[in-house]
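Okay, structure first, notes after.
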Amino acid sequence: MSDARPQRPGLYYPKMRTTWWLSRPGYVRFMIREATSVFIAIFLIEFLVLVHAVAQGPDAYAAVVGRLASPGWIVFNVVALLFALYHTVTWFLLTGVVQVVRIGDQQVPPALIVAGAFGAWVVVSLFLLYWIVVRS
Amino acid sequence: MARSNEPFWWILFSVGGVVAAFLVPVHIVIFGLAVPLGWVSLSHAKLLALLGQPLVKVYLFVLIALPLFHWAHRFRFLLEDLGLYGLRTPLAVLCYGSAIAGTVATLWVLIHV
C-alpha cells in the first residue's frame, strides 16, 4: 500500500424518504424479506427461554408452555412461521443465482440447485419432526 | 487505512441465513404451535434427556446463535434503508452487539443444563 493513497472519501447516500420502499411491489417484497429476520430472531429467543425452562425443571417448562399457549403468542408464532417460510423460499431461490455448481465443464442448471435445496429442506424438516416428536 | 470488517459479518449473515432457512420453520411448528396447542405432547423428561446429549447442545447452539447474526446484519441495513444512515456505526455496534449477547446467553443456557 502506498502512503500517497488519498483518504477514503465519504460514502454518498442519496436522500430518500422513509417510505421509499412503498413505491414498488418489488421494493415492498425486499423489505418484507429483510423483516423476516426480526421474527426469526424473536422466535429463537422465545425458543431459548423454553430450553432454559426445560433445564430448570418440569414446573418451569409447564409454565413457559402455558404462556406460549396464550392467544398472543399463538398469533405471533403463526405470523413468525409465515415470515420464516418466506425467508426459506426467497433464500433458496437466491441460492440458484448465487451458487454456481459445476460438474466437469458443465454448469448445473440453477433450477436444479433450487429444487435440490427445497428437496433437502423437506427431508431435513420431516426428519427433525420424526426425531423430536416421535422417536425421542 | 483499516480494512473493512464487512466480509466477516457477511459470512455469519450468510451461514445464519442457511441455518434459518433449513431449520427454523419446523421448530416454529413443533415448539411454537404443536406443543403449546397440545397437538403433540413432549414430556419434560423426554426433552431433558435430549438436552443432556452433547450433540444436541451443539445443534442448539448452531440453530440459535448463527441466525442471530443473520438478523443483526439484515436489521442493521433495514434501519439504514429506512433513513438512519447517519447512525451507521452505532447501529452496527448495537445490532452485532445484540447478536453477540444472544450468543453468550445461548452458551450460558446450554452449559448450565
Side-chain angles (χ1 to χ4, degrees), chain A residues 1 5 7-8 11 13 16-18 20-21 30-31 33-38 40-41 43-52 54-55 57-58 61-62 65-70 73-74 76-78 80-81 84-85 87-92 95 117 120-121 124-126 128-129 132-133 136, chain B residues 1-2 13-14 16-18 20-40 42-51 60 63-65 67-68 70-75 77-78 80-86 88 98-99 102 105-106 108-110 112-113:
Chain A
M1 276 212 209
R5 197 189 178 96
Q7 241 193 331
R8 194 175 183 220
L11 295 170
Y13 294 107
M16 298 211 282
R17 275 196 244 141
T18 306
W20 62 268
W21 50 279
F30 165 79
M31 285 307 246
R33 197 191 75 191
E34 298 302 282
T36 58
S37 66
V38 175
I40 289 171
F43 169 75
L44 288 174
I45 297 303
E46 167 199 334
F47 183 61
L48 181 63
V49 169
L50 187 73
V51 172
H52 182 54
V54 171
Y61 172 62
V65 170
R67 224 178 305 146
L68 290 179
S70 69
W73 273 110
I74 294 298
F76 171 80
N77 283 325
V78 168
L81 177 61
L85 289 172
H87 166 72
T88 299
V89 170
T90 53
W91 193 266
F92 287 166
T95 306
W121 172 58
V124 168
S125 299
L126 289 177
L128 283 169
L129 204 60
I132 296 171
V133 175
S136 67
Chain B
M1 195 180 92
F13 154 77
S14 178
V18 173
F22 272 100
L23 302 179
V24 166
V26 71
H27 286 86
I28 299 182
V29 169
I30 297 174
F31 294 101
L33 296 173
V35 169
L37 291 172
W39 299 343
V40 297
L42 289 180
S43 74
H44 175 262
K46 266 186 193 177
L47 291 177
L48 193 64
L50 270 181
L51 261 184
L60 288 176
L63 169 66
I64 297 171
L68 289 182
H70 172 82
W71 162 80
H73 198 76
R74 277 199 159 161
F75 194 58
F77 286 110
L78 180 83
E80 273 189 37
D81 287 343
L82 289 175
L84 297 174
Y85 17 73
R88 217 160 185 263
S98 302
T106 307
W108 187 86
V109 167
L110 292 176
H112 285 81
V113 171

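Letters A, B, ... are given to chains in the order of the sequence lines, protein chains preceding strands, and every chain is numbered from 1. Here the structure is a predicted model, which is why all the values come from computation and not from measurement.
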Segment of Leu60(B) engaging chain A (4.5 angstrom heavy-atom cut-off): side chain

Straight-line distance of Arg67(A) CZ to Leu50(A) CG, nearest 0.5 Å: 10.0 Å

Contact leader toward chain B among Gly66(A), Ala120(A), Gly57(A), where contacts are heavy-atom pairs under 4.5 Å: Gly57(A)

Contacting region of Trp121(A) [heavy-atom separation from chain B under 4.5 Å]: both

Ala105(B) versus chain A, the contacting section by heavy-atom distance below 4.5 Å: both

Segment of Thr36(A) engaging chain B (4.5 angstrom heavy-atom cut-off): side chain

Gap separating the CG atom of Leu84(B) from the OG1 atom of Thr18(A), nearest 0.5 angstrom: 7.5 Å

Residue among Gly16(B), Ala49(B), Pro67(B), Gly17(B) with most heavy-atom pairs under 4.5 Å to chain A: Gly17(B)

Largest heavy-atom contact set with chain A, pairs under 4.5 Å, which of Gly38(B), Ala21(B), Pro36(B): Ala21(B)

Interface residue of largest heavy-atom contact number with chain A, from Thr106(B), Ile28(B), Val18(B), Val113(B), under 4.5 Å: Ile28(B)

Residue pair Phe31(B) / Leu68(A), side-chain heavy-atom distance below 4.5 Å: no

Leading residue by heavy atom contact count with chain B [cutoff under 4.5 Å; candidates Phe92(A), Trp21(A), Phe76(A), Tyr61(A)]: Tyr61(A)

Interface residue of largest heavy-atom contact number with chain A, from Val40(B), Leu48(B), Val29(B), Leu23(B), under 4.5 Å: Leu48(B)

Sequence-distant partners of Val26(B), side chain to side chain contact (heavy atoms under 4.5 Å, CB included), two or more places apart: Ser125(A), Leu128(A), Leu129(A), Ile30(B)

Under 4.5 Å from any heavy atom of chain B - which part of Val78(A): both

Region of Trp73(A) in contact with chain B, defined by heavy-atom distances below 4.5 Å: neither

Region of Phe30(A) in contact with chain B, defined by heavy-atom distances below 4.5 Å: side chain

Which portion of Leu126(A) sits near chain B, non-hydrogen atoms under 4.5 angstrom: neither

Check: Ile45(A) and Leu68(B) side chains under 4.5 Å, non-hydrogen atoms: yes

Min side-chain heavy-atom separation His112(B)-His52(A) under 4.5 Å: no

Side chain, backbone, both or neither of Val65(A) within contact of chain B (heavy atoms, under 4.5 Å): both

Proximity breakdown for Arg33(A) and chain B, heavy-atom pairs closer than 4.5 Å: both

Parallel, tilted or perpendicular: rings of Phe47(A) and Phe43(A) (30°, 60°): parallel

Nearest-0.5 Å distance, OG1 of residue Thr90(A) to CG of residue Leu85(A): 10.5 Å

Which residues share a side chain to side chain donor-acceptor pair (under 3.5 Å) with His44(B), sequence neighbours left out: none

Per-residue contact mode, His27(B) against chain A (heavy atom under 4.5 angstrom): both

Distance (rounded to the nearest 0.5 Å) between Asn77(A) CG and Leu33(B) CG: 5.5 Å

Aromatic ring pairing Phe13(B)/His70(B), orientation class (parallel under 30°, perpendicular over 60°, tilted between): parallel

